[in-house]
Amino acid sequence: MYTVELTEQETEKKKEQAIQNVTGSVALLDGLVQEQVKTVFGYPGGAIMPIYDALYDFNDKLEHILVRHEQGAIHAAQGYARTSGKTGVVFATSGPGATNLVTGLADAMIDSTPVVCITGQVFAHLLGTDAFQETDVINITMPVTKWSYQVTDANEIPAVMAKAFFIASTGRPGPVVIDITKNAQLQKFDYAGYTKCQHVRSYRPKPIVRKEYVEAAAKLINEAKKPMVIFGQGVLLGRAEKEFKRFIEKGGLPAAWTILGMSAIPTDHPLAMGMLGMHGNYGPNVLTNECDVLIAVGMRFDDRVTGRLDKYAKQAKIIHLDIDPAEIDKNVKTEVAVWGDCKETLPMLTALLETKCYPQWLQKFKNYLQDEIDAVITEELNPSTPEMTMGEVINILNELTGGEAIMVTDVGQHQMVTCRYAKYNKPNSNITSGGLGTMGFALPAAIGAKFGAQDRTVIAIAGDGGIQMTIQELGTVMQSKINVKIVILNNRFLGMVRQWQQLFNDKRYSFVNIESPDYVQVAKGYYIEGNSVSDRAELRDALKKMLDHNASYLLEVMVGKENNVFPMVPQGCSVSEVRLK
Amino acid sequence: MKKEFTITVYTENQVGLLNRIAIIFSRRKISIDSLNSSPSEIEGIHRFTIVMNETLEVVVKICRQIEKQVEVLKVYYNTEEEIVWQELALYKVSTDEIAEKATVERLLREYGARVVAIRKDYTVFETTGHREETDRLIKVLEPFGLIEFVRSARVAIIKTSKGFHEKLKEFEKTEPGEELVENEFLNKRDDVFTM
């Protein structure tokens, strides 16, 4: 009896000790520490000052990277999430601070990137009064967030933070906004410690996999004569790279990736057939309309992948593995849908597969690849013209990095060229804005990517258009001494739009002429070393010097003005109508 | 072929959720014919009843998008035959006009109308029923100077539903049991897409 009483008393005492009277801000930061967050990207302001004040005492536990614009913060958090597989965290103030996040939120939403954004908000009693720097951030961001919540009382903070991290990172990941009024940040309350969220009753991130569908899928694959796998970021998000490799290897299945699925398997894998879609490889595009069973893994049949839908893989039986039930039958109707996490569903499916190979079928891919090499690739990688091509820059980078580097691209021609020609040995190496196509993504995302993979080389590849959208983040690179390599492929045009104007608008070049500053001087202004090359003879050494430099480095490469990216599936055409020129 | 569907959404009671649901429609430029928000058979669980006119395929996609929202527990869609539904309408007419020209008792009997307020200057009638029924009374009252008319959103009961109690128990478990049908649209897809 005595001991029992003592234990109870002790527990009581412990409980009392555990309860601390702290501010909402402290509880919030403790929550981040408990969630193993190491790095926060942010920018202070009036309505988030209490959190920044508390951050002053968390210096040893949390690293804060001061960006130059909130858009930079969220892209950095995205880059961090994509290379580390963890949730990126952003701090921004109310009003303009919060609205500057919108592009990044939309980008993270469409590319399923786990990000938690903490925005400051005016005092609760001022909500709805048009107070200084007040904006209705919850409603502005509603269509581009997986979940959002406004905290007006500090007592809510621990549970809301736990829920935010749980929702952002599980199921199909996505961005979460937590808007915290200033009074809640300042309010002291009894904090009983942080408990991670494991379950939200209205939210089921991981469905029970139905065996009958897996069996039906396996039956279709085993009976196939010309099967083909197309995969997306789901494989990377599910950390199912090994499971996926076993699946295609056992089934002998040729596999092509979407832009976001790239690097889930090494690009030189014998079953790797290249990229799908508008500027993807010739073979996988044409053969999509020839295969008899099409197995889609963790991808969402984006229009840039499918081309014209009513002519997309009509001959094939389609199997779709996805974690998000809303994606199934959304764009392409499937024969068999396997709803679940591919980390779980792929091994189940592999177990039921017969070990097979399809030499004649694979030969078809090889034949198309040869056509593509002859018509496009050779000239792009080893040009006969005096002007440099984007492809040869990537080709030399491949040689110099051995496929070990992380490439972070912006949006446009250079993005397509990089994704077409980059070699990757490791997963999570290709970081790009796929769904939203956000110009200005590369530089800030590369900053975050470096924090997510400290021991790897991170190369931002941008065009002369995109780099000028977020060039202020050179300030972040400077101040936080971030070792990222920045390659600007300068063709003195907004190249992708120019290409379309050439092909479809009769060369009416409308506002695609863009002038650049002296990038080397700009870099110098930020104390970043830089160089510019316009002569092929200097290219290799310049790239090598950039990679060998033990700090950040900016390299501008002057490339051909009017080069086009091919192959191309013109908008409104079927994938089998892909053009080589 | 477009058809009228009634969607029933069980949700947590959360500020802003109505907006999250509404933007799923507005983003796709689909209009909501009627929307009702009310408590459900379970305390703390909210129930939205939404009426829309669309093809089955669109309705299924919309339902999946709604069910994807974190705070939404479950979505059902039903055709008119699968539900029992009612709308309520109020009509304000001049008391003098009614007293002089119409036989109130006849109206009450024929249209199942009730008087909810009688003042010196106006009288308020109420009917519940389907759209045609509430519409019909407008026609009857118009000649007597209908001052105000308003109709409520639709409320509907699903004929085959056993209520949400058992489902909620499953949702509350961290590991759901095998019997839980989490996404009925996927399991129903065979009948859905062979149409």
Side-chain angles (χ1 to χ4, degrees), chain A residues 109 127 136-152 160 163-164 166-168 170-172 174 176-177 179 197-213 216 320 322-340, chain B residues 9-28 42 44-46 56-58 60-75 167-190 192-194:
Chain A
M109 185 71 176
L127 286 171
D136 185 357
V137 58
I138 293 291
N139 279 304
I140 286 175
T141 61
M142 205 167 264
V144 290
T145 48
K146 184 173 174 188
W147 187 63
S148 52
Y149 191 82
Q150 185 176 60
V151 175
T152 49
V160 167
K163 206 172 153 183
F166 178 61
I167 291 168
T170 54
R172 179 175 178 180
V176 169
V177 166
D179 192 37
C197 177
Q198 307 283 355
H199 178 62
V200 174
R201 73 173 176 185
S202 59
Y203 169 65
R204 182 77 63 199
K206 218 174 150 190
I208 307 157
V209 179
R210 304 271 296 250
K211 284 192 202 81
E212 59 268 37
Y213 294 114
H320 193 181
D322 208 286
I323 200 163
D324 180 0
E327 288 303 337
I328 289 165
D329 293 333
K330 188 184 82 177
N331 294 337
V332 173
K333 281 178 191 166
T334 53
E335 186 88 9
V336 179
V338 182
W339 179 33
Chain B
V9 187
Y10 285 93
T11 74
E12 298 290 353
N13 192 354
Q14 172 82 51
V15 173
L17 189 56
L18 170 63
N19 211 354
R20 273 205 177 263
I21 293 171
I23 58 178
I24 290 171
F25 289 84
S26 55
R27 178 177 173 189
R28 293 165 179 81
I42 301 164
I45 301 284
H46 229 69
L56 180 62
E57 198 178 332
V58 171
V60 169
K61 284 181 189 174
I62 289 278
C63 287
R64 284 186 185 166
Q65 293 295 338
I66 298 173
E67 202 165 274
K68 196 166 145 173
Q69 302 306 313
V70 169
E71 269 122 358
V72 171
L73 287 143
K74 201 89 199 80
V75 183
K167 276 248 157 69
L168 187 66
K169 278 184 203 155
E170 280 295 328
F171 277 101
E172 278 169 351
K173 289 183 198 163
T174 318
E175 289 300 323
E178 284 288 338
E179 66 275 18
L180 176 67
V181 181
E182 286 183 86
N183 191 306
E184 261 144 42
F185 319 121
L186 278 187
N187 300 321
K188 261 204 269 182
R189 64 201 289 277
D190 291 340
V192 171
F193 290 111
T194 45

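Residue numbers begin at 1 in each chain, while the letters A, B, ... track the order of the sequences. Everything quoted here is computed from the prediction, not taken from an experiment.
Proximity to chain A is absent for every atom of B:Ile66, based on heavy atoms less than 4.5 angstrom apart. For a residue to count as touching a neighbouring chain, one of its non-hydrogen atoms must lie under 4.5 Å from one of that chain's; by this rule B:Val72 touches chain A with the backbone only. Neither the backbone nor the side chain of B:Ile24 has a heavy atom closer than 4.5 Å to any heavy atom of chain A.
Considering only heavy-atom pairs separated by less than 4.5 Å from chain A, the leading option among B:Gln65, B:Gln14, B:Arg20 is B:Arg20.
Screening B:Glu71, B:Glu12, B:Glu170 for a side chain to side chain donor-acceptor pair (under 3.5 Å) with A:Arg201, the sole residue that qualifies is B:Glu12.
Contact record, B:Lys61 with A:Asp329: CE-O, 3.5 Å, taken as the closest heavy-atom pair. The two atoms that bring B:Glu57 and A:Lys333 nearest to each other are OE1-NZ, 3.4 Å, heavy atoms only.
For the side-chain hydrogen bond (donor to acceptor under 3.5 Å, both in side chains) test, no residue two or more places apart in sequence or in another chain qualifies with A:Ser202.
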Worked verdict on B:Lys68 versus A:Arg172 for side-chain contact (heavy atoms from CB on, under 4.5 Å)
CA-CA 10 Å; B:Lys68 196 166 145 173; A:Arg172 179 175 178 180; 3.7 Å; yes
Begin with the C-alpha distance, continue with both residues' side-chain angles, and end with the deciding distance and a verdict on side-chain contact (heavy atoms from CB on, under 4.5 Å) for A:Asp324 and B:Arg64.
CA-CA 9 Å; A:Asp324 180 0; B:Arg64 284 186 185 166; over 6 Å; no
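Residue A:Met142 holds its CE atom at 6.0 Å from CD1 of B:Ile23, rounded to the nearest 0.5 Å.
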